[in-house]
2 protein chains.
Amino acid sequence: MKEVSSVDVAISPTEKFQEYLTTRGMRLTRERMIFVEEVFADHEHFDADTIIERVSHRKDGRSVSRSTVYRVLGLLEEAGMIRKVARQNDKDVFEHDYGYAQHDHFICEKCGELTEFSNDKIRQMVEEIAAEFGFRLSHHRLEGHGVCATCSAPPQRRHHKLDMI
Amino acid sequence: MKEVSSVDVAISPTEKFQEYLTTRGMRLTRERMIFVEEVFADHEHFDADTIIERVSHRKDGRSVSRSTVYRVLGLLEEAGMIRKVARQNDKDVFEHDYGYAQHDHFICEKCGELTEFSNDKIRQMVEEIAAEFGFRLSHHRLEGHGVCATCSAPPQRRHHKLDMI
DNA sequence: GTTATTGCAAACCATTTGCAAGTGT
DNA sequence: ACACTTGCAAATGGTTTGCAATAAC
């Protein structure tokens, strides 16, 4: 039902960022290119440490400092390419907001895991309610809080050979 | 199954907290009473500083220290009476989870106005999706972002941007 | 050549914690 | 009396920032 799908993007994240920087008189540095490359390498959620880790284990020896990572995270957020989606272990968690379809989350209160889902009926329903209020909806944000399947599962019980008899 | 949307509260927040404390062998101290009194004095969202401010301007001279405020915030959260809803200005923001029905918001990007609404179908739908994922839902948070009726109306009278805390 | 940007280390700041004194039951 | 609690101050840890060196345009 709810596979969150990626969306066709006309230009690459790097180009998109380039565009943003240029209109602000800012520069596309080597560090920023590396950073964007790593951040958009997959669609996973991430925090600052994840990226810091990745930009310091590059084969090409190039790296990006901790402070620059934080600074570029801010820029990408302002550029509307990523956004803070939650807090896990006292860290800000980000996700792509560029090249990724609208989706919602379940947030596990035990392990902090984020599960994505996407549902047209909900989107449609929010639109209808908005219309009733004369509210011009641009997007919504829905978080389901609770306990994920893994964390609410009973303690793992081993299969014993006797069980099969 | 726990009923998260129940509004009819038989006992006061303080009594409810008392109940929680007792079952854990903890004590209802003067500080905790003051704290609960302040926190449940209104329905607004709040952060630690808001409460610290309030418990230090009391007419009766009683006060609650910063550390105790943080400690009791944790207890009230564990007791299921409040919950973190967001992060604003690098601070955790809480709201009541006891005595008030589940509700959602439209948030106007122009004037900042919050329009509350409540819709059973959406809650039901989120529950269904949660069930599919084996996610044990306790509550959800839904924000509709866009422009409110007043602000999207022709320039007659306009809301002014409010500072939201 | 300018001017933005980087990296380092130090600063920040909300939140947490150790500990001795204080208090509820 | 016995634990549980408080308040203070110090610690924690993610994030930010000042500044001199460096790189983009």
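In the text below, chain A, chain B and the rest are named by the order of the sequence lines, each starting its count at 1.
At distances below 3.5 Å, not a single donor-acceptor pair connects side-chain atoms of B/Arg87 with backbone N or O atoms of A/Arg87. At distances below 3.5 Å, not a single donor-acceptor pair connects side-chain atoms of B/His140 with backbone N or O atoms of B/Glu127. Distance alone, capped at 3.5 Å, is enough to place a donor-acceptor pair between the A/Asp47 side chain and the A/Asp49 backbone.
Between A/Met125 and B/Asn119, the shortest heavy-atom contact is SD-OD1, 4.1 Å.
Side-chain atoms of A/Arg71 come within donor-acceptor range of the base of C/dG7, with a qualifying N/O pair under 3.5 Å. Donor-acceptor pairing under 3.5 Å, judged by distance alone, is present between the side chain of B/Arg27 and the base of D/dA3.
Separating the CZ atom of B/Arg66 from the P atom of C/dG18 is a distance of 19 Å, rounded to the nearest angstrom. Look at CZ on A/Arg24: it is 19 Å from C1' on D/dC25, rounded to the nearest Å. Separating the CG atom of B/Leu73 from the P atom of C/dT15 is a distance of 9 Å, rounded to the nearest angstrom. Across the protein-nucleic acid pair, A/Met33 atom CE and C/dT6 atom P stand 11 Å apart, rounded to whole Å. Counting to the nearest Å, the P atom of C/dT5 and the CD atom of A/Gln18 are 12 Å from each other. The distance between atom CD1 of A/Ile34 and atom P of C/dT5, rounded to the nearest whole Å, is 16 Å. At whole-Å resolution of the value, CG in A/Asp47 and C1' in D/dT15 are 12 Å apart. Computed from coordinates, the A/Phe35 CZ to C/dT6 P distance equals 11 Å when rounded to whole Å.
When distances are taken from the side chain of A/Ser67 to each of C/dT25, C/dA9, D/dT15, the shortest belongs to C/dA9. Side chain of B/Asp92, nearest nucleotide from C/dT15, C/dT5, D/dT15: C/dT15. Distance from the side chain of B/Lys91 is smallest for C/dT15 among the nucleotides D/dG7, C/dT15, C/dG7.
In this model, a donor atom of one side chain and an acceptor atom of the other lie less than 3.5 Å apart for A/His96 and A/His43.
Side-chain nitrogen and oxygen atoms of B/Tyr70 include at least one within less than 4.0 Å of the OP1 or OP2 phosphate oxygen of C/dT15. Residue B/Thr29 places none of its side-chain N or O atoms closer than 4.0 Å to OP1 or OP2 of D/dT5. Between A/Thr68 and C/dG7 there is a side-chain N or O to OP1 or OP2 distance below 4.0 Å.
A rotation axis mapping the C1' atoms of four pairs onto the next four is fitted at both ends of the helix from C/dG1-D/dC25 to C/dT25-D/dA1 over five pairs, and the angle between these axes is 40° to 10 degrees.
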Would you be so kind as to tabulate the donor-acceptor pairs closer than 3.5 Å made by side chains of residues 70-86 of chain B, with sequence neighbours excluded?
residue : atom : partner  : partner atom : Å
B/Glu78 : OE1  : B/Tyr20  : OH           : 3.1
B/Glu78 : OE1  : B/Arg24  : NH2          : 3.3
B/Arg83 : NE   : B/Glu95  : OE2          : 3.4
B/Arg83 : NE   : B/His139 : NE2          : 3.2
B/Arg83 : NH1  : B/Asp97  : OD1          : 2.7
B/Arg83 : NH1  : B/Asp97  : OD2          : 3.4
B/Arg83 : NH2  : B/Glu95  : OE2          : 2.9

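Looking at which nucleotide of DNA chain C each of B/Leu28 and A/Asp90 is closest to, the 5′-most match is held by A/Asp90.
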With side-chain contact (heavy atoms from CB on, under 4.5 Å) as the test, would you mind laying out the steps for A/Arg32 and A/Leu21 before giving the verdict? CA-CA 10 Å; A/Arg32 287 173 184 173; A/Leu21 291 171; 3.9 Å; yes
Where do B/Leu142 and A/Asp104 land on the side-chain contact (heavy atoms from CB on, under 4.5 Å) test, with the steps shown first? CA-CA 10 Å; B/Leu142 171 59; A/Asp104 301 310; over 6 Å; no
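Under the 30°/60° scheme for interplanar angles, the aromatic rings of B/Phe40 and B/Tyr98 are found to stand perpendicular. In this structure, B/Phe135 and A/Phe106 have parallel ring planes: the angle between them is below the 30° cut-off, well short of the 60° mark.
Heavy atoms of B/Arg32 sit under 4.0 angstrom from primed sugar atoms or phosphate atoms, though from no base atom.
The stretch residues 80-89 of chain A comes close to DNA chain D through A/Arg87, each having a heavy atom under 4.0 Å from the strand.
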